[in-house]
There are 2 protein chains.
Amino acid sequence: MGRDRQERVARAALSRLAEPGDVALYEAVVRHGAAQVLDAVLGDDAAGSADVRLPARRLAGYRARLPGAGLARVLDEAHRCGARLVCPGDAEWPTQVDQLGGVTSARGAPLVPPLCLWVRGAGDARLALVRSVAVIGARAATAYGEHVAGELGADLADRGWTVVSGAAYGVDAAAHRGALSVAGTTVAVLACGPDVVYPRSHDSLLGRVAEEGLIVSELAPGTSVSRLRLLQRNRLVAALTRGTVVVEAAVRSGTATTAGYAAGLGRPVMAVPGPVTSATSVGCHELVRSGRAVLVTDASDVVDAVGRVGEDAEPPRRGEERPEDALSGIELRALDALPVRRPAGIAALARTAGLDLASLRSALGALVAAGLAESESGGYRLSAAMRNRPRRA
Amino acid sequence: MGRDRQERVARAALSRLAEPGDVALYEAVVRHGAAQVLDAVLGDDAAGSADVRLPARRLAGYRARLPGAGLARVLDEAHRCGARLVCPGDAEWPTQVDQLGGVTSARGAPLVPPLCLWVRGAGDARLALVRSVAVIGARAATAYGEHVAGELGADLADRGWTVVSGAAYGVDAAAHRGALSVAGTTVAVLACGPDVVYPRSHDSLLGRVAEEGLIVSELAPGTSVSRLRLLQRNRLVAALTRGTVVVEAAVRSGTATTAGYAAGLGRPVMAVPGPVTSATSVGCHELVRSGRAVLVTDASDVVDAVGRVGEDAEPPRRGEERPEDALSGIELRALDALPVRRPAGIAALARTAGLDLASLRSALGALVAAGLAESESGGYRLSAAMRNRPRRA
């Protein structure tokens, strides 16, 4: 087979033997090519694989998995489950994940891009992810968290943004479902093979995502979930998107690590506030308090944070303008002095307001013109519109 | 009567004739003394009051209020309602309000300190306010807002902080009540005379505040509430306290002006988040989003923001440490590979984990020592403690 095909098959095989985020392996592949690294793993020293200086223990680890790995059938299996292999250099490769090479985790461990991606779904992964936002959060979400995640997913998708999440219980599932509810694009990034249903009960959700959006994983078909894979998956979620929104999170959580990866990549991290009485909002509030996330309340805020300046930016939110917001101090004093029902004469108003007659007359004129006061039988009182409105402090 | 007594009586009289925040009047008083300014208002040109160059219209305004002002009885009236006059230079004067001279409102209008304060209650105003926090917010508060304000009021008072608010419906009242509930100190700053009950239904609340805390106002006894006075009261709340906490606020509100005054004075502004689905939390979220307030979730956060560094600062919040938080990558892989029930042998574990035998043995030793794994009949599995704990992403 051709050199390119050989490389692709080797990447596929290595994605079955190694754990995601394997720095030594990634560096060896960059230096020697995947085919030569695979040869070294398989013990085939014919093609100069001795040059591939992987630590002996690491090699022994890959080899421990060889029995039953069924490397020869990896691509066939993928084909059977409808997954395709996407490699760096392919038109479909989402190049933003390459930024993972060059950043470190919050603990200082170097991060690396995936060797390859397994993709299920009709769309083009690169195009789907070029304008995408991660919406993630607690699996033990409250009804509030699921509601907000669903609204965010729907509103972001409605604005043409792809909603990326991890297909977990709680916030993740709600975000996917929100996007699906408006026929938007959503991408599930998995911590297992693209064909593995985890959690089990998300069978139909994952089916819908694969049908109407994309399922993406760096793990070969058939690979099961593990803690390490969940953590490494989080780096992919952060790297594939333009920013990460956290909807409900406990203080220490996988969600916080994803936010950390996003921050390390220079992508905006956003957090949705919630009741301070809710334990599942503590992590969000802590992210904002510590300056690691900006507070967002809806899709507008999110687009504001991740959108290119001038392109997607939203105008600042403003409350309803009230006529009296534009009043001068003297006009405000005259307004305060006006009776609600029985009109008061100029002299009485001057006493109440503490204003001279000329200032008072001019202020009353302005108030009548603004529809705040009305003149009746020689006196003045609040207009009907003002009478029927509650005061505010 | 003596010069000092004359000055005090004149300030009291002027606090009845003028509106609070009257810059021209305040500057005239600073330049000429209150007695001479009052003479000018009264039209007594004998004592060089012609030097007091107040704008003619302003003078006419004060004079419009002379009929029925009962200036001669102001101090008697105050005495009758249990209020005392506190003037700059008095031991009880809270000197932090003097910082109002030299700042401007958000609209650029210059602010001025009060001419005097009317105080009801047994405590010393200066001492009560030296370590104080304002807790303010929406009158149309939700049950959530009132709950949070009550908790904040109680917890701050419990830590020895005086809780200052405006005795309005909603957040204000809840904050006062919270402080009262733990026999703490609370101060109500009013937009009317210290003897006026506003709102009417807060009769008993104001009575309790006067009995166990303090009621403070710059308005003479008998003066009613007005919009202008509410706005000017807000500058006092901000100036009397070390910081202002906003609990629930709509986008445009008096609460936001108080926060603006506090910011202008260089005092910390804090906002409590709430559900993004709640209209009464929109103002709080906007304050945080725009960088005008820091997010606070409880009294610890508030003390953290207003307390002197090293004195009141709180340690950062941390989640529960879990044993596996300290694991190396290899140990984590070994942990992920461990079966829940039937112990697995070393060879099978090496295959699942993709680890060489030496690394695996050393990792398993560490896991057993950490109480995460247990060895049984030659194999390894998760410890009982781990088996009974849910996984997390």
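Bear in mind that the values here come from a model prediction, so they are computed numbers and not experimental data. Numbers restart at 1 for each chain; the letters A, B, ... are given by sequence-line order, proteins then strands. Excluded from the calculations below are hydrogen atoms, water molecules and symmetry mates; all remaining heavy atoms, backbone and side chain alike, are included.
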* To do: Return the option, out of Ser224(B), Ala358(B), Gly274(B), with the maximum number of heavy-atom pairs under 4.5 Å with chain A.
  => Gly274(B)

* Asked: In Å, rounded to the nearest 0.5 Å, how long is the span from CZ of Arg351(A) to CG of Leu66(B)?
  -> 11.0 Å

* Structure fact -> For Pro275(B) and Pro275(A), the nearest pair of non-hydrogen atoms, with its separation, is CG-CG, 3.8 Å

* With a 4.5 Å cut-off on heavy-atom pairs, point out which of Ala64(A), Ala140(A), Ala60(A) contacts chain B the most. => Ala64(A)

* To do: Please tell me if the side chains of Asp304(B) and Arg289(A) come closer than 4.5 Å, counting only heavy atoms from C-beta onward.
  => yes

* Part of Val294(B) within contact of chain A (heavy atom distance under 4.5 Å) -> neither

* So which heavy atom on Thr277(A) is nearest to which on Tyr144(B), and how close? -> OG1-CE1, 3.8 Å

* Gap between atom CG of Leu295(B) and atom CD of Glu286(A) - 0.5 Å precision -> 9.5 Å

* Part of Arg57(A) within contact of chain B (heavy atom distance under 4.5 Å) -> both

* Asked: Within the side chain of Arg227(A), is there an N or O that forms a donor-acceptor pair under 3.5 Å with the backbone of Arg333(B)?
  -> no

* Asked: Does any heavy atom of chain A fall under 4.5 Å from the side chain of Leu355(B), the backbone, both, or neither of them?
  -> backbone

* Asked: Considering only heavy atoms, which portion of Ala191(A) lies under 4.5 Å from any heavy atom of chain B: side chain, backbone, both, or neither?
  -> neither

* Asked: Using a cut-off of under 4.5 Å for heavy-atom pairs, which of Ile330(A), Thr352(A), Val272(A), Leu17(A) has the most such pairs with chain B?
  -> Thr352(A)

* Relative to chain B, which of Val296(A), Leu360(A), Thr257(A), Leu228(A) shows the most heavy atom pairs under 4.5 Å? -> Leu228(A)

* Structure fact -> Interatomic distance, OG@Ser226(A) vs CG@Leu335(B), rounded to 0.5 Å, equals 9.5 Å

* Tell me, for Thr258(B) versus chain A, whether the close heavy atoms (under 4.5 Å) come from the side chain, the backbone, both or neither. => neither

* Hey, which of Ala250(A), Ala109(A), Pro273(A), Ala347(A) has the most heavy atom pairs under 4.5 Å with chain B? -> Pro273(A)

* Asked: To the nearest 0.5 Å, what is the distance between CG (Leu332(A)) and CD (Glu19(B))?
  -> 9.5 Å

